[in-house]
Amino acid sequence: MALSDVVTLGQYIPGNSLLHRLDPRTKFLAAITLTILLFFVTKLTGYIFFLVLFLAVVTASGIPLRFLLRGLRPILFLILFTFIVQALFSQEGNVILQWGFLVIRDAGLWKAFFMSFRLTLLVLVTTLLTLVTSPIDLTDGLDRLFSFLHVLRIPVHEIAMMMTIALRFIPTLLDETDTIVKAQISRGAPLDRGNIFRRLRGFVAVLIPLFVSAFRRADELAQAMESRCYRGGEGRTRMRAMVLHWTDLWTALVALALGLVTLAFNWLAVP
Amino acid sequence: MRIEAEHLTYIYGPGLPWEKRALDDVSLRIEEGEFVGLVGETGSGKSTLVQLLNGILRPTSGRVLLDGVDLTDRRKPIWKARLQVGLVFQFPESQLFAETVAEDIAFGPRNLGLSQQEVSKRVEESLLKVGLEPALFRQRSPFTLSGGEKRLVAIAGILAMWPRVLIVDEVTAGLDPRGKRDILTRIKLLHRNERATVIMISHDMDEIVSLVERVVVLKSGRICRQGQTTEVFSDEESLAGCGIRLPTIPQILSSLVKAGWRLPVSIFDVREAARLIAQEYHHGTV
């Protein structure tokens, strides 16, 4: 399997859904809202409502859920780790299982569940944003959204540009890693067999070529940009001006309302 | 080494929005010592096919047999069997990583678990095989070499593993004419002197007809045509149907034929073609 099938963050799937057509600024703010909301929700009903809300958004995006879930695979370990630590080391609640020094308490289990839920949704929301927004739109959106920071002498445009380039190159570098890994395995590199130390040693043969090519790419990109007179954001005009539509306003309002409803569900409900 | 591919199908990203059937029921048989050309348009499945033949990809369905040993059998550790098929990837110089040329070439043999002595013997020998003087190149950094030299070193790195089949994927792409000629000469010699089975992917039909005995043409993941080189390249129309154009000389001859000259089309040698054209010009009907 190709690496780019595993890591979905930073990939963009072109489409024509409502989510694809929204202004990147709206999408970005909505994603931020969802993320912040995630930290305010503390009760089961709140989580359920949040999950339903998120699934509705995913359906509207036309991105297969299966594909979105693939994005979790690389951080599965982190999620499991969070779950286990929370479940084992929480000191609150009643003991429900004890085995030697390992104690599992009911409150700890709840907490473990919610923490991993949060982490999962956090990644899913971010992944969804990049899946339905082309890197160019995303940068332009961020650029515009934070341009007010310019008065504080923060190079907003440059930061946004660096971010896009980083995002843009994730799939490229993954494909490249894939090719190099294949090439070295074809030379018998112990990348897919043997113990962990053997495998790690084999990885030097992957990392060095990867770095060499990343630097070469960076250099070529810089030259290509300079040869088109790129010199940062100053005085730069846009080919595609961003215009906020009524849909954007509606989306923002709906997002806000749903956020409040989620919070209401969270506070009003029985724990 | 005999390679048999049976009903190979390979699907990239099954179930994803960009699911792609790269190969569709391809069966192929390559005998020991053959020199086979693999051609087809971009995206016709050539690279996927050769990666299946060396076991780096597992087919979605179908199997690959190397001298009767099933490469797709999940129950057996196949990594050693797989290394008998040496695959030189596109732009293989991008896999160079060691500090010296010798170290880089030694990577493969070391992974095979060979003794230090055997490894250095193979490094010398592989450098000679690709026409690089060991004394001059052994201690240089691969990153200081020219494009053509880098590629030769990368090929040497594969040859040092003593593969019984050599597969090269667009091995001359992006090289200057001299680099191209050097590499093709080396591959021809390997085939002739070592009786190595060679499979060559190329977009350059002139390259193909000057080297290979048999051609396999792929189109959209299926075999479109296959047969002896002279035979495949004598039928312009069916070849065009596979998205392939004639090599330069047959193209010229074919144009002359259309203009009323009486000439054979499947001639690949410049001198031979020139002789026939001159003969027709002086004594012919034009």
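Labels below follow one simple rule: chain letters A, B, ... track the order of the sequence lines, proteins then strands, and each chain is numbered from 1.
- A search for ring-ring contact (aromatic ring centres under 6.0 Å, His included) contacts involving A:Phe83 returns nothing, not counting sequence neighbours.
- Residues that satisfy the side-chain contact (heavy atoms from CB on, under 4.5 Å) test with B:Thr42, not counting sequence neighbours, are B:His203.
- Both the backbone and the side chain of A:Ile185 come within contact range of chain B, judged by heavy atoms closer than 4.5 Å.
- Among the residues in residues 158-173 of chain B, those with a non-hydrogen atom closer than 4.5 angstrom to a non-hydrogen atom of chain A are B:Ile158, B:Met161.
- Only the side chain of B:Gln51 comes within contact range of chain A, with at least one heavy atom under 4.5 Å from a heavy atom of that chain.
- Chain B forms the most heavy-atom pairs under 4.5 Å with one residue out of A:Ala183, A:Ser213, A:Ala205, and that residue is A:Ala205.
- Ring centers of B:Phe107 and B:Phe97: under 6.0 Å apart, within the cut-off.
- A donor-acceptor contact under 3.5 angstrom links the side chains of B:Asp70 and B:Thr72, judged on distance only.
- Between B:Lys129 and B:Glu194 there is a salt bridge, since at least one side-chain N of the basic residue sits less than 4.0 Å from a carboxylate O of the acidic one.
- The aromatic ring centroids of A:Tyr47 and A:Phe49 lie 6.0 Å or more from each other.
- Look at B:Glu118 and B:Arg122 and you find a salt bridge, because one of the NZ, NE, NH1 or NH2 atoms lies within 4.0 Å of a carboxylate O, short of that distance.
- Looking at B:Leu96, the atoms closer than 4.5 Å to chain A (heavy atoms on both sides) all sit in the backbone: N, CA, C or O.
- Partners of B:Ser220 by side-chain contact (heavy atoms from CB on, under 4.5 Å), not counting sequence neighbours: none found.
- When heavy atoms are compared at a cutoff of 4.5 Å, B:Phe143 approaches chain A solely by way of its side chain, counted from C-beta outward.
- Neither the backbone nor the side chain of A:Arg216 comes within contact range of chain B; no heavy atoms are under 4.5 Å apart.
- With A:Leu72 as the partner, the side chain to side chain contact (heavy atoms under 4.5 Å, CB included) test is satisfied by one option alone out of A:Leu124, A:Leu78, A:Thr127: A:Leu124.
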